[in-house]
Amino acid sequence: MKKEVIKFRSWMIFNIGWTLLYLYWRIFYTVPTDSGILSLVAGIALLVVEILGMLEAFVHYFNMSNIRYPKFPKVEPEDYPEVDVLIATYNEPIEILYRTINGCVHMDYPDKSKVHIYFCDDGSRKEVEELAAQMHVGYIKREEHKGAKAGNLNHAMSVTSSPYIATFDADMIPKHNFLMKTMAYFADQEKKNRELPEEEQVHLGFIQTPQTFYNPDLFQYNLFSENRIPNEQDYFYKDVQVSRNKSNSVIYGGSNTVITRRALEDVGGFYEKSITEDFATGILIQKKGYICYALNEVLASGLSPTDLKSLISQRVRWARGCICTGRKLHLLFTPKLKFAQRANYLASVWYWYASWKRFIYIMSPILFATFGVMVVRCTLIEVLIFWLPMYLSSNICLKMMSRNIRTTKWTNVYETVLFPFLMIPTLLETFGISMKKFKVTKKSTSSEKKDRTWYYAIPHILLAVLSVIGIWNCVRWTFDTGRIDYFVILFWLISNFYNIIMSIFFVMGRKSYRQYERMEVKEACELTNGIVTAEGMSQDASEGGISVLLKEPVDFDDEEEVFITVHDRKYEARVRGRVVLVMHKGDQWKYVFSIDDMLSSKSEYIYIIYDNFTSMPVNLDESSSSFDDLRLNITGRTPKKIFQNRKMARIPIQADGVAESGLKVSIENYNYKYLLVSYAGSRQDTLRVPLCEGIRLELDLENEFGDQMYLYRITNYDALHGDAKKQEKLSQWIRDYSFGGAMRYEQKRSLKKERVLALDEFSEMNEL
């Protein structure tokens, strides 16, 4: 057994044992039975949510103690069966639908004639039908729009026939290997079943893959943490879901999934009586005895909600749908689910009451420190003995279980952000007051104008004020009495206050500048303006731009068009753009281009971009602290001075020359349009300087710096730029006389610091 497993199980056993001891102490010794009815109600409420939270943790411990990963089978190409790919859409923008359908048509399969792709359009839009025709995929619409998304998919089932169905939300883009990875399990099981009698056959229900996102979610983006924390849903799809394989209680997530038609027909199709039809359909399939697996390999990615209103609407729908499903499917008493399945699904329903749990956790210390209401009767030494070991070991276990995807701190932040908006909906749904209308989560580009959302922070601001009062009271009582017992309440209040402040930062939002999300795309590239050609490696790309690393600088004028060809493992895309930024990066040059036209390569270029969605963090940055979280959110909201971009390479040069007038000059740097030189003697308004055979620079004085440093504009730039042979000679001259590395460049900067600082200031103003 691996050391990591032994270590985790040891901590888990320790935590479970101490948690049981803690619960015994809490139940029998800490409830304030003699401090009034308000104290009693508050104390019992806190105890109840603690008990339920710990039961939920025990279910998770059971799942995580022995994770089962289905072994990827070896399947012959001819064994891959036919599959229908259904993309449910209602009102999503066409550009989002294009990305999804483009990913679908680029999916690999041994025989692509076996893959049948359909738009299931519940909006009956002409533009979607035209897009389907353009991409050579099927288009399905229906006259009656009953049953929301589930009804839409059921109608699509009635007019299709493949034995397997892949379902995608309108914004979810599959990777090229989605079908090859998922359909292999079904093909393998089919082959095995053919050799077994009916009673011994195993039938798969569905394969669920993670739902990940190519854009930062609101928690990552609004909290300036898109490079520090994973997507908020990663923990559920990559850890929690996979851990449920052992109990066959994997949740059907509605997208990025392949389901057998047989299983769907056995349960009467997609469940139409819940706004979370996916959650309910998965339970019904498992009730019928089908085996379902979750994979932790990312095979598709989509667009996370980009505004707070959409996020809240999404989470309210999920919460109400899960609670409604639990009630309608009788999860607690159904005999068709095994005990472990019921426990897991009940834990999934209870999860959505986290809003009430978080409210009670926040209000409990406030009630005592601000309003003088006793909630827990205990001493400091009791807290250190019973609570502290349980608390520390819980944090350690969560971090180890999540493989550093999630910590208690970030769970608390997420819950604190959302709890005010989920409390009433979950309460209403508990008493059977359900949503009557299915609301589609709004998906849009991040650059769209956001509504003002300051009023969403009102509950957090009120709690922050009450917390500050409580913190002040605890500090005052400590000094007045000389006792340190109040440190426990103080710690509790400060911990909650951090979560509340982070929630206020979250609601404040963050201005978005990008029209398109940028992906990390590292592919071979070829660039040309028709005169010179360069080869490099792309670094990142979006639908609006691409950055490329080159080993040497190139004379690409920002006013001219550059053609960029990107080579992928299977495809190549040729686009047209213009230089918007050039910078020296180590011993290479980074060229950033805006894309003006994708020419005839739109399909291939967009495929290359979104098939590389691996830019988001997959683990927490362990080096960052809560202080760093606060610092980033304060400094990130401080106005910054933004300089204009340099659009031509400024190349440090170490060369001496003689002008035609006989003046000796030292060339300091060169950027194709300008030349910086130093010389002794009086200022020269014009110069003609031979660089090498056949190359002469004609110069007009542009600016004068101190210490005999002069900046000249190259007036014959156009003639040099348009001549391929002269361009090659200039490139060779640069190779011969440039510093060729950041280290030597920095050494020269230190020798002539004042000159270069002056030049930097002038260059930024003039966009050199």
Side-chain angles (χ1 to χ4, degrees), residues 2 4-5 7-9 11-12 15 53 56-69 175 208-246 249-251 253 255-256 293-302 304-305 311 315 318 344 347-348 351 354 358 391-418 499 502 506 520 613-626 628-629 632:
K2 293 182 179 179
E4 293 80 4
V5 175
K7 184 178 179 182
F8 165 66
R9 290 185 178 178
W11 274 110
M12 184 178 67
N15 179 247
E56 184 182 351
F58 289 164
V59 170
H60 192 39
Y61 285 165
F62 168 77
N63 291 337
M64 295 297 292
S65 63
N66 183 22
I67 299 178
R68 295 179 184 175
Y69 297 96
K175 292 187 72 171
Q208 178 67 56
T209 71
Q211 290 190 24
T212 57
F213 303 93
Y214 56 78
N215 65 318
D217 69 18
L218 281 179
F219 296 99
Q220 292 172 303
Y221 191 76
N222 285 3
L223 297 177
F224 294 85
S225 296
E226 61 266 42
N227 297 318
R228 303 168 59 244
I229 64 174
N231 184 281
E232 177 242 353
Q233 292 189 54
D234 276 5
Y235 179 54
F236 172 73
Y237 275 105
K238 293 181 180 180
D239 272 8
V240 175
Q241 279 278 67
V242 176
S243 74
R244 296 166 76 122
N245 283 334
K246 67 183 294 185
S249 57
V250 172
I251 293 174
S255 184
N256 308 1
Y293 291 132
L295 308 180
N296 65 353
E297 182 179 359
V298 174
L299 297 174
S301 190
S304 178
L311 178 68
R315 299 309 164 90
W318 290 355
N344 273 284
S348 299
Y351 168 80
R358 184 55 46 194
Y391 174 77
L392 294 177
S393 59
S394 295
N395 287 343
I396 292 170
C397 284
L398 177 59
K399 187 174 181 179
M400 294 174 69
M401 281 191 299
S402 71
R403 295 169 299 171
N404 204 33
I405 296 176
R406 178 69 67 86
T407 61
T408 302
K409 179 185 80 170
W410 283 107
T411 296
N412 294 342
V413 170
Y414 299 148
E415 291 181 357
T416 304
V417 167
L418 292 172
N499 298 329
M502 291 293 285
F506 174 88
E520 183 179 278
F613 43 75
T614 55
S615 304
M616 295 292 105
V618 295
N619 295 107
L620 290 164
D621 182 357
E622 295 190 77
S623 64
S624 63
S625 63
S626 298
D628 294 321
D629 301 333
L632 283 172

Going by side-chain hydrogen bond (donor to acceptor under 3.5 Å, both in side chains), name the residues that satisfy it together with [X], two or more places apart in sequence or in a different chain.
X: N245; answer: none
X: Q233; answer: none
X: N256; answer: none
X: T411; answer: R406

Sidechain N-carboxylate O distance under 4.0 Å for R315, E232
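Salt bridge between R315 and E232, a charged N being under 4.0 Å from a carboxylate O: yes.
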Sequence neighbours left out, what passes ring-ring contact (aromatic ring centres under 6.0 Å, His included) with Y214? Give chain and number order.
Y610
For Y351, all residues meeting ring-ring contact (aromatic ring centres under 6.0 Å, His included), sequence neighbours excluded
none
Taking C-beta and beyond as the side chain, do [X] and [Y] meet within less than 4.5 Å on heavy atoms?
X: V413; Y: L223; value: yes
X: T212; Y: M616; value: no
X: V242; Y: L295; value: no
X: F236; Y: I251; value: yes
X: W410; Y: M502; value: yes

Taking side-chain contact (heavy atoms from CB on, under 4.5 Å) as the test, write out the residues that go with [X], two or more places apart.
X: I405; value: P230, D234, Y235, K238, D239, S402, R403, N619
X: D628; value: R228, S624, S625, R631
X: A354; value: K357, E415
X: L218; value: N222, L311, F506

Rounded to the nearest 0.5 Å, how far does [atom2] of [Y] lie from [atom1] of [X]?
X: S626; Y: K409; atom1: OG; atom2: NZ; result: 4.0 Å
X: Q220; Y: I229; atom1: CD; atom2: CD1; result: 5.5 Å
X: Y69; Y: S243; atom1: OH; atom2: OG; result: 9.0 Å
X: R68; Y: N63; atom1: CZ; atom2: CG; result: 10.5 Å
X: H60; Y: M401; atom1: NE2; atom2: CE; result: 4.0 Å
X: N66; Y: R9; atom1: CG; atom2: CZ; result: 6.0 Å

[X] and [Y]: side chain donor to acceptor below 3.5 Å:
X: Y237; Y: Q211; value: yes
X: R358; Y: N412; value: yes
X: D217; Y: S304; value: no

Between [X] (side chain) and [Y] (backbone), is there a donor-acceptor pair under 3.5 Å?
X: S225; Y: Y221; answer: no
X: E56; Y: S348; answer: no
X: Q241; Y: Q208; answer: no

Passing candidate, side-chain hydrogen bond (donor to acceptor under 3.5 Å, both in side chains) with N395, options T407, N15, T408
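Among T407, N15, T408, the one that satisfies the side-chain hydrogen bond (donor to acceptor under 3.5 Å, both in side chains) with N395 is T408.
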Shortest non-hydrogen contact from S394 toward Y61
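The answer is CA-OH, 4.3 Å.
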